[in-house]
Amino acid sequence: MVSGIETFETEVLIIGGGVTGTGVMRDLALRGIHCLLIDRRDLNAGASGGNHGLLHSGGRYAASDSETAAECRQEGDILRQVAPDCIDDCGGMFIAVEGDDPGFAERFPGYCEAAGIDCESLSPAQAREREPALSDKLFAAYAIPDATVDPFRLTLENVNHAQQLTDSLFLPHTAVESFEIANGVITGVLCRNTKTGGMRRILVRQVVNAAGAWSMDVARRAGCSDVSLLYSKGTLIISNTRITDRVINRLRPPGDGDILVPGGTVSLLGTTSDNVDDLEDIRPTVAEVERVLIEGTAMLPCLEGTRFIRAFSGVRPLLLPAQNTADGRSASRGFTLFDHRDQGLENFATVTGGKLTTFRLMAEKTGDLVARRLGNSRPCKTATEPLPSGNAVRWTEPGFAPRFWYRRNDPTDMILCECEMVPQSAIDSIIESAPGAESEMTLQAIGVRSRVGKGSCQGSFCSIRVTSHLYDRGVYDSARGLHSMRDFLSGRFKGVQPILWGEQMPQIELSEALHCSLMGLDRLDGKANDPEKEGSG
Amino acid sequence: MGQGERYYRTELAIIGSGLAGFAASVFALARGIASAQVGNTGAVAYTTGYLDLLGSCRGLWLDDPWQGLELLRESEPRHPLSRIGRTAIQAAFDQFSGALTEMGVGYTAPAERNHLALTPAGTVKPTLSVPQTMLPGIEARKAGVRTLIIDILGLQGFSAKEFVANIRSSWPQLSTAKLSFPDMESGGQVFPEVMARALEVSSHRERFAERIKAALGDARLVGMPAIMGIHHPDRVHAELQRLVGVPLFEIPTMPPAVPGIRLREMFEQGFPAKGLTLVPQQKVKRLVLEAGRATLYLQDSFGEVMIESKAAILASGRFLSGGLTAERGGVREALLDIPVTQPESRADWYRQDYFDPLGHPVNRSGVEVDSSFRPLGPDGEPVNHRLFAAGILLAHHDWVRQRCGAGVAIASAHKAVEAVADMLKEQ
Amino acid sequence: MKSTLAYKESVIDFKAKADELLPEGASYDSCLNCGLCSSGCPASGLEGMDPRRFIRMAMLGMNEELSTTPWVWTCTQCKRCMYICPMSIDVSLLVGLARGAWPEDKKPSGIVRSCQAQLLDSGTSAMGLRSEDFIEIVEETADEVRQEDERFKDIKVPIDKQGAYFFVNQNSREPAAEPEELAPLWKIFEYVGADWTYASKGWAAENFCMFTGDDEAWKRMVRQRVDAVNDLGCKVWVNTECGHSFYTIWKGVERFGLRANFEMGSLVSYYAQWIREGKLPVNADWNTGGIKFTLQDPCQLVRKSIGDPVADDLRFVARKLVGEENFIDMQPCRSANYCCGGGGGFLQAGMKEQRHAYGKRKFDQIMTTQAGYVLTPCHNCHSQIEDIGGHFGGDYRVVHFWTLICLSLGILGENERKYLGPELAEVGL
Ligand SMILES: Cc1cc2nc3c(=O)[nH]c(=O)nc-3n(C[C@H](O)[C@H](O)[C@H](O)COP(=O)(O)OP(=O)(O)OC[C@H]3O[C@@H](n4cnc5c(N)ncnc54)[C@H](O)[C@@H]3O)c2cc1C
Ligand SMILES: Cc1cc2nc3c(=O)[nH]c(=O)nc-3n(C[C@H](O)[C@H](O)[C@H](O)COP(=O)(O)OP(=O)(O)OC[C@H]3O[C@@H](n4cnc5c(N)ncnc54)[C@H](O)[C@@H]3O)c2cc1C
Ligand code: SF4
Ligand code: SF4
Ligand code: SF4
């Protein structure tokens with residue numbers, strides 16, 4: 001063994017900690033298989049942490065792709081059964097406003113019927129009674145069974161369950177660098193610990209590439225040239241409060257800013273769709289926010305005066321057509337599973353594309369392939385086996401932490417994030433036992449596993465309180481705690497920057513003063529902390 | 001007095017009760033100008049308590065702020081501090097810190113060099129004048145004195161361990177202890193303000209001092225979060241030191257924190273006694289400038305308040321305080337819609353990196369003034385000869401990154417009051 | 001995660017109400033989460049709550065919790081949070097709404113009973129004192145004054161005097177429990193020659209209906225009083241030394257759009273005016289021992305109503321009465337003053353432990369002044385400050401202004417010194 005290299009061994013290595021990768025992990029664990037899941041950053045660092053959270057009824061695709069629409073509907077029904085904790089079955093509406101094509105509106109119920117989607121026609125008055133925020137320029141409306149889903153909760157529960165079942169393991173900040181291949185079989189995967197810079201070797205029997213938009217890159221590292229992707233960036237904005245009870249879709253072929261999705265106590269408006277060449281440093285821009293907002297305002301005029309607290313972007317991988325796919329199905333199904341046999345590899349599979357809504361099905365198909373390859377004949381159970389919840393994975397649900405805290409009624413359990421009312425006990429349980437918990441846990445990692453930093457102050461106060469708490473608990477004992485705070489705030493700012501106007505301006509001004517004038521976080525590097533040596537003299 | 005009878009007539013109306021507004025009141029009172037002041041809670045309520053003149057220029061920390069001002073004059077001639085002479089700035093700071101001291105919150109007199117003041121994160125920042133309650137810590141770090149840092153059970157956002165972990169490299173001889181505050185031992189949340197008020201009572205001081213003594217060990221100095229009284233910090237500080245037997249000092253904390261509340265309340269409670277007409281915690285709804293007067297209209301739940309004056313100083317701060325508002329299409333001045341110098345479009349307001357050492361372009365937006373600090377209208381001429389402007393509302397500075405918040409506020413207030421005095425004399 | 005739709009009908013939607021009732025830019029949506037409100041609120045920490053948390057819970061849709069937390073009865077609706085908030089966000093308004101939504105039988109019975117008592121009789125007394133009894137007590141007491149003090153042998157205590165300049169209201173506590181305390185105020189009116197009257201209808205000062213959160217009852221109460229003043233054709237409704245009654249009436253008139261053909265004023269402002277005019281030649285000569293006094297600004301009168309002008313009047317009167325050097329302000333004071341914890345019906349709510357915890361800040365403030373007496377023109381403040389003094393072991397007394405005014409003028413009767421210490425028992429007799 002080469003010194004300095006950590007070695008791990010597993011039956012199946014899964015690359016990519018999004019809903020797909022974690023879904024595969026749980027699927028396999030339910031078949032009794034041990035997995036190791038890695039992500040170069042953390043859970044939901046890709047599209048799974050940057051999406052709309054819409055559990056599609058299928059209405060959206062009814063016109064263009066009735067097969068996908070039906071798939072969404074079926075998967076939605078399954079998830080409602082097995083993961084009720086992750087879902088807000090709020091219902092949805094499609095609405096057309098002045099200027100939209102009346103013909104499309106008229107044809108819509110027919111499309112839905114073809115895909116088996118319930119669709120109730122509403123008069124404009126009925127629609128506005130249900131959702132008073134809707135524009136009075138509305139002329140057609142249909143109710144459809146849309147819902148929302150919390151992707152963070154999904155991934156956390158997937159991993160948590162897999163850990164329980166087969167002691168499967170999740171390793172954050174572990175990026176695939178290269179594959180050790182002998183005779184068409186991958187025997188080991190070399191990864192870099194992106195936090196420490198050290199190397200990790202993972203000895204494997206099977207490898208699943210679920211790296212989403214990055215799966216082309218990962219496949220190429222394994223010598224496979226069959227995965228060929230385009231990238232489409234989508235930007236969304238989050239309001240400070242929940243604007244509608246239901247999902248509101250614009251009744252027209254998909255375009256910018258045409259869906260407003262409630263996310264617990266907030267709403268998300270999106271999304272844009274622009275092809276990009278580069279996956280790194282994806283960030284929302286002012287221009288994108290303007291586009292989304294102008295379109296959204298046509299449906300919901302109140303958006304004009306709404307306080308937005310953040311924007312974010314995700315990247316959808318788009319599969320180039322005419323691929324050799326595992327089950328020979330066309331890309332119209334939304335996702336593709338590659339078995340890479342024609343690339344000369346026996347134990348490598350790539351699953352990419354698809355939706356959050358259909359992640360379970362993607363995992364099932366992938367699980368079937370991998371289990372077969374391992375000689376495991378147990379069937380997939382994810383369609384019937386409910387996702388168990390656990391103490392450390394409940395904190396991403398908006399409103400859960402405050403209700404928990406309120407019921408518990410323990411005055412010593414201080415609230416650290418006041419916006420989202422996340423108590424100390426939540427942070428403690430996350431540091432101790434959330435999937436991917438480690439000894440020196442960063443604020444970002446805590447943020448992924450809770451609502452910390454997601455409220456209107458966007459972490460400006462709670463970052464300070466949580467950091468102090470972490471120092472107090474001994475999680476940090478060096479300047480790294482402050483650096484982690486700074487990184488966390490820089491990360492948040494990416495999303496905050498394009499929505500800075502109106503009521504968010506006083507907030508950011510206060511934040512900047514806090515973080516620079518009070519805490520000195522803009523001067524952490526180099527000699528800045530020891531200014532005597534640097535004075536202008 | 002019944003409803004709707006609140007009407008004041010005065011020489012100078014000061015709009016804003018941040019550092020600039022209060023400094024303007026100090027200077028106006030000293031000159032015997034009858035003044036009225038209005039304003040709500042603003043940036044100053046969150047301050048560290050340090051009075052920065054200029055801590056950073058061209059990205060460098062400044063040891064000598066006065067020399068820094070020279071550099072600034074060359075590189076940023078439109079910066080408010082570049083438009084005020086050194087002697088005036090010095091006089092303004094002397095007078096202002098002196099007034100604070102006289103009102104019960106002792107400040108160090110501004111000297112030639114910046115202090116390197118302590119922050120709750122265990123970092124340090126260059127600043128010119130510091131509260132006396134915070135001074136011993138700044139000096140102890142320089143001398144490397146063995147010091148105990150305490151934090152308090154239930155006080156959020158302040159960890160002695162955090163402070164020590166981050167400052168250790170320049171101040172190795174530190175120990176930590178967590179104390180509970182008398183009568184607040186439950187482990188629930190405690191606010192610095194509440195402890196500070198409690199420490200104004202002698203029995204609490206005595207009990208707290210006992211706890212500090214018990215934790216002292218071989219430390220020769222004790223640092224603690226800023227909780228040594230709101231109204232008589234110097235007295236509380238002296239009393240506690242006497243009881244503990246070693247020098248003590250305060251470290252500022254995150255909001256809601258004592259230093260800002262202290263300043264706000266000191267002004268609010270102290271100024272009326274000095275003859276200032278203060279309409280506290282209210283905002284001007286309308287400002288009408290006419291031939292012979294400037295009239296401020298306010299509205300509280302009880303009814304209308306009117307202030308008629310000969311001159312007005314606009315010291316209404318930035319976004320946090322409501323002096324400026326940011327619409328999607330641009331930045332505006334809130335009261336009179338005075339033109340605001342600003343970046344081309346919203347996309348240019350902020351740089352990508354939050355902590356970019358250059359700061360953000362929108363921070364430099366603000367109101368333009370003439371040489372008498374009269375705000376300029378669209379035609380480049382003063383909006384009105386009775387209207388002056390002061391404070392961080394002005395354009396061409398980035399007080400957060402340049403560590404010049406108090407500097408801009410105090411110096412520009414001085415300048416504006418001088419100009420007001422000239423104007424009043426002419427009449 | 002369940003849909004939030006289900007229970008929306010049954011409980012208050014606090015966020016929506018805030019948007020509806022609070023001014024633009026000062027609604028919950030504008031909150032910066034800075035915590036200044038909570039830091040400065042004496043009810044913070046009680047029942048695990050504080051004003052910022054109230055706002056956050058509203059924003060997070062925790063309507064059930066907000067509708068049921070007993071904290072709403074510990075918030076005295078003193079509006080200090082709003083005063084301190086950079087965005088001027090008012091928490092107390094929705095606290096009132098939450099109170100109102102409590103089932104009648106779950107509300108603190110003391111407040112409810114007080115309000116019910118007020119609704120029973122046209123006198124509107126919260127202590128259940130009926131008008132005929134009030135009139136009888138007033139007349140008996142007036143007779144005693146006439147007999148005891150030669151100087152006041154002709155003192156008039158008019159009732160229902162048509163067209164009197166001042167319509168004076170009266171807190172029920174004096175007639176019901178300590179009638180001898182009525183006399184000092186009458187003597188002052190007599191001294192300055194005020195044209196005043198009590199009324200047989202709507203004479204009582206207190207208004208606990210507002211504190212039950214029952215807007216209808218509050219309105220009824222105010223309407224009865226407004227009608228009573230209108231009927232008598234008085235110019236000024238003058239509020240006695242009682243903080244909340246002043247707020248409830250002017251606010252009630254405004255809120256319910258009632259027509260009041262009169263002005264509303266506080267007795268304190270008139271004390272100040274009469275002293276300035278030389279009609280009340282008070283001085284501090286009696287205070288030979290240099291007894292120190294501090295002052296409680298009733299929030300209902302100062303912060304929630306007239307603001308600093310009346311706080312200035314209070315100080316002007318107090319300084320004249322006790323001597324410049326013997327007056328020590330609590331800090332903070334005037335509009336920034338802390339509520340003592342007696343307001344909002346807290347005294348009647350039966351939540352003693354919480355009320356004491358709330359009052360601890362007031363107690364500390366008083367102790368810092370080292371004053372021997374606390375002056376306050378508010379009955380709730382008076383009771384609460386006395387009570388916390390007893391509870392925390394404070395060595396001070398609480399007095400009304402009228403006591404000191406009469407003391408200073410040498411017209412305070414021997415039996416009107418209940419609230420004075422032994423050192424003042426003989427002064428000026
Ligand atoms: C803007 C937007 C809105 C959307 N809205 C919806 C919606 O409303 N409803 C819906 O059903 N679907 C929606 N989707 C689609 C949905 O989000 C995705 O289909 C889904 O999240 C994909 O999950 P994944 O796990 O396949 O990929 P990802 O979540 O992208 O996960 C890939 C992971 O791989 C990791 N990785 C990459 N390279 C490496 C490496 N070398 N080593 C280790 N790890 C690596 C990444 O860090 C990342 O975490 C949306 C997508 C976008 C972009
Ligand atoms: C977190 C934080 C840390 C800080 N740390 C430091 C520090 O270390 N050193 C330092 O020197 N300074 C510090 N400051 C304070 C800051 O520098 C000063 O508050 C600021 O420079 C004073 O500027 P000002 O008076 O112009 O504006 P502000 O303090 O913003 O005051 C503006 C005033 O105008 C009022 N106003 C606005 N509109 C109206 C209207 N229509 N009518 C009436 N009044 C109105 C507001 O209510 C407010 O009272 C800090 C501030 C913050 C927020
Ligand atoms: S003071 Fe105002 S802005 Fe600050 S937390 Fe309280 S309500 Fe919010
Ligand atoms: S009204 Fe008074 S008691 Fe109620 S929350 Fe505000 S400050 Fe606290
Ligand atoms: S009891 Fe006194 S201090 Fe408290 S609310 Fe009433 S008037 Fe205010």
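Every chain is numbered from 1, with letters handed out A, B, ... down the list of sequences. Predicted, not measured: the structure shown is a model, and the values here were computed from it.
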Task: Among the listed options Q507(A), E503(A), E418(A), the residue most often paired with chain C at heavy-atom distances under 4.5 Å - done: E418(A)
- [ ] Please state whether the side chain, the backbone, both or neither of P506(A) comes within less than 4.5 Å of a heavy atom of chain C.
- [x] both
TODO: Please say which of R303(C), K17(C), K79(C) ends up in a salt bridge (Lys or Arg N to Asp or Glu O under 4.0 Å) with D90(C).
DONE: K79(C)
Task: Part of M87(C) lying under 4.5 Å from any heavy atom of chain A - done: side chain
Open item on the list: Between F211(C) and W73(C), is the ring centroid distance below 6.0 Å?
Closed with: no
Task: Partner chain A: residue of G25(C), G48(C), S30(C) with the largest heavy-atom pair count (under 4.5 Å) - done: S30(C)
Open item on the list: Is there a disulfide between C85(C) and C37(C) in this structure (defined here as SG atoms under 2.5 Å apart)?
Closed with: no
TODO: Using the six-membered ring wherever Trp is involved, compare the ring planes of H391(C) and H356(C) and label them parallel, tilted or perpendicular (cut-offs 30° and 60°).
DONE: parallel
Open item on the list: Is E420(A) in contact with chain C via its backbone, its side chain, both, or neither, using a 4.5 Å heavy-atom distance?
Closed with: both
Task: Leading residue by heavy atom contact count with chain A [cutoff under 4.5 Å; candidates E47(C), M49(C), E24(C), R52(C)] - done: R52(C)
Task: Side chain, backbone, both or neither of C31(C) within contact of chain A (heavy atoms, under 4.5 Å) - done: backbone
Open item on the list: Whether E397(A) and R449(A) form a salt bridge (side-chain N of Lys/Arg under 4.0 Å from carboxylate O of Asp/Glu) is what I want to check.
Closed with: no
Task: Parallel, tilted or perpendicular, as decided by the 30° and 60° cut-offs, for the rings of Y28(C) and F54(C) - done: perpendicular
